[in-house]
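Chain letters run A, B, ... following the sequence lines, proteins first, then strands; residues in each count from 1. These figures come from a predicted structure and were not determined experimentally. Below, each value reflects all heavy atoms present in this structure, side chains not excepted, and no hydrogens, waters or symmetry copies.
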There are 2 protein chains.
Amino acid sequence: MTSVMRKRKQKRPLAGEIAEAIRTGAYRTGEWLRQIDLEEKFQATRFDVRAALDKLVVLKAIEHVPNRGYRVAEIDSATLRHIREARVAIETATVASIVAAVDASTLGKLREIAERFSGAVQGGTRADWSRINSEFHHLMYHLSGNPIMEELIWNLRDRSRGSDVTVWISHEALQRSDRDHHAMLEALEARDSVRLTELITGHILRNDP
Amino acid sequence: MTSVMRKRKQKRPLAGEIAEAIRTGAYRTGEWLRQIDLEEKFQATRFDVRAALDKLVVLKAIEHVPNRGYRVAEIDSATLRHIREARVAIETATVASIVAAVDASTLGKLREIAERFSGAVQGGTRADWSRINSEFHHLMYHLSGNPIMEELIWNLRDRSRGSDVTVWISHEALQRSDRDHHAMLEALEARDSVRLTELITGHILRNDP
DNA sequence: TGCAACTAAATTGGCGCCAATTTAACTGCC
DNA sequence: GGCAGTTAAATTGGCGCCAATTTAGTTGCA
C-alpha cells in the first residue's frame with residue numbers, strides 16, 4: 001500500500017564481507033574460521049554466519065570439515081594449475097568485447113587506478129594492494145558486458161586464494177603485477193587484442209592476482 | 001577405536017537430486033518448488049531441503065523470492081546469450097586436452113552412449129534424453145583432465161535450464177543434437193581439434209544441451 | 001620425565017518451533 | 001453478478017537450544 005514499503009531487514013552480504021576479509025589476508029591458508037569470532041567480528045548472529053560460510057563452501061572459497069569447522073582450504077598445485085587454465089580461457093575470451101567497448105573515459109579511470117596501485121606498491125598494506133588490484137580488473141572486465149563471465153572470473157580468483165603463491169609473496173611479484181597493469185593499459189589504448197591476450201595470460205600464469 | 005567407525009548420517013547430495021529433477025523436466029520454468037512437497041518427494045527433513053535449495057540458489061540454478069519461496073528462474077535472452085558465450089569459451093578451451101587424451105576404449109564407450117541416445121530419440125522420455133546426453137558430454141569433458149572446467153561447464157548448463165529454448169522443444173532440435181554427437185565422435189576419432197571446436201560451438205549456440 | 005587415560009571446556013551442528021507473510025476462501029454490500 | 005474487505009489456511013523463514021564431538025588441560029602411573 002505505502003509506496004515506501006517496510007524497510008524490513010535487508011540482508012547483509014555477509015558472505016561477501018568474509019570473502020573480502022580472506023582476500024585481503026585477514027585469514028591465512030589453513031586457518032580456522034571460528035564461528036564465534038565471526039559473530040563478534042562482523043556483529044552478526046550465529047545463524048547468519050553459518051549461512052555465509054555455507055555459501056562460501058558452495059563457491060569453493062573455503063572448505064568445511066565436519067565437526068571441525070570451516071577454513072581457508074589449502075589447494076594443491078594441480079588444482080591451482082586447473083584454475084589458472086580455466087581463468088586463462090575465460091579471461092582471454094573477454095578480450096575482444098573489452099577492446100571493442102573501451103572508451104576514453106574508462107581509459108582515464110583505469111589509468112588513475114593503475115597509478116594508485118603503483119603508489120601503493122610502496123607503503124601500502126596487503127589489503128590496499130588487493131583492493132586496488134581488484135578495482136582495476138573489475139573495471140576492465142566489466143567492459144566485456146558479460147556479467148556471467150565477470151562472475152566466473154571473480155569466483156575463480158577467490159578459489160585460488162588458498163594458494164600461498166597467490167598472495168604476492170615477493171616484492172618482485174608485486175612490481176611485476178604493477179608493470180602488467182600499465183602494459184595492459186597500453187594495449188587497451190592501442191586496441192591491440194593480441195597483445196592484451198598475451199598480457200592477461202602471462203599475468204595469470206606468472207603472478208596470479 | 002573401532003575400525004568400523006560409526007556410520008553417522010552420510011549427507012545425501014539432495015541438491016544434486018533436485019538439480020537432476022529440474023534437469024529432467026520435473027519442474028518447469030517459473031514453477032514454485034514448495035518445501036513441503038520436496039520434503040515428501042525426497043523423503044528429507046525440511047532443514048535439509050532448505051539447505052539444498054539455498055545451495056542451488058548460490059549456484060544460480062534456481063532463484064529465491066523472499067516470503068514466496070524458490071523457483072526455477074526464468075532467464076532472459078541476454079543472460080542466456082552470456083551464458084552461451086561463457087560456455088563456448090570454456091568448452092572449446094578443453095578441446096586440445098580432450099583430443100590429446102582420447103583413446104580407443106573411451107571412443108568405444110562414447111559410441112555406445114551416442115547410439116543409446118539415437119535410440120532414445122524415438123520413444124524415450126525427456127528424462128532419458130537428458131540423462132544420456134549428460135552421460136555423453138560428461139565422459140567427453142572428463143577427458144580434459146581439468147575438474148575445475150568440468151564443474152564450470154555443468155554449473156553453466158544447469159543455469160540455462162530456466163530457458164525454454166533449452167529443453168529440446170522441437171523434435172528437430174533433438175535430432176540435431178543426435179547428429180552433433182555422432183559428428184563429434186568422428187572428429188574425435190580423427191583427432192581433429194578444429195572440427196571438434198566448431199561442432200561444440202555450434203552445438204551450444206544452436207541447441208543448448 | 002614421558003605417556004596414557006580421563007575430565008573439563010570449547011566448538012560445532014542438527015533440528016523444530018512458531019511468528020511473519022502470503023494466498024485462498026468466504027462474506028456481504030453495491 | 002462483481003468486487004472490495006475480512007478471515008482462515010497454507011507456506012515460508014528466523015533463530016536459539018542443546019546434544020554430539022573435538023580439543024585442551026589435568027592427573028596418575030610406570
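Counting to the nearest Å, the P atom of dG16(C) and the CD atom of Gln35(B) are 14 Å from each other. The interatomic distance linking Arg46(A) (CZ) with dG13(D) (C1') rounds to 19 Å, in whole Å. For the pair Asn67(A) CG and dA24(D) P, the computed distance is 15 Å after rounding to whole Å. Atom CH2 of Trp32(A) is separated from atom C1' of dA10(C) by 14 Å (rounded to the nearest Å). A straight line from CZ of Arg71(A) to C1' of dT22(D) spans 14 Å, rounded to a whole angstrom. Atom-to-atom, CD of Glu39(B) to C1' of dC17(C) comes out at 14 Å; the value is rounded to the nearest Å.
The phosphate of dT11(D) (OP1 or OP2) has a side-chain N or O of Arg34(B) nearer than 4.0 angstrom. Distances shown here put a side-chain N or O of Arg68(A) below 4.0 Å from the OP1 or OP2 atom of dT23(D). At the phosphate of dG13(C), OP1 or OP2 sits under 4.0 Å from a side-chain N or O atom of His64(A).
Ion pairing between Glu31(A) and Arg71(A) fails under the 4.0 Å rule for side-chain N and carboxylate O.
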Worksheet item: Between Asp54(B) and Tyr70(B), is a side chain to side chain donor-acceptor pair (under 3.5 Å) present by the stated rule, with each step listed?
Response: CA-CA 9 Å; Asp54(B) 284 334; Tyr70(B) 303 81; 2.8 Å; yes
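Between Thr45(B) and Leu33(A), the residue whose closest nucleotide on DNA chain C is further toward the 5' end is Leu33(A). Comparing Ile36(B) and Phe47(A), the nucleotide of DNA chain D nearest to each residue sits closer to the 5' end for Ile36(B).
By the side chain to side chain donor-acceptor pair (under 3.5 Å) test, Thr79(B) is found to be paired with Asp76(B), residues two or more places apart in sequence or in another chain being considered.
Arg50(A) contributes a side-chain N or O that forms a donor-acceptor pair with the base of dG14(C) under 3.5 Å.
Val49(A) comes within 4.0 angstrom of no nucleic acid atom, judged by non-hydrogen atoms across all strands.
The two residues Ser134(A) and Arg23(A) have their closest heavy-atom pair at OG-CD, 4.4 Å.
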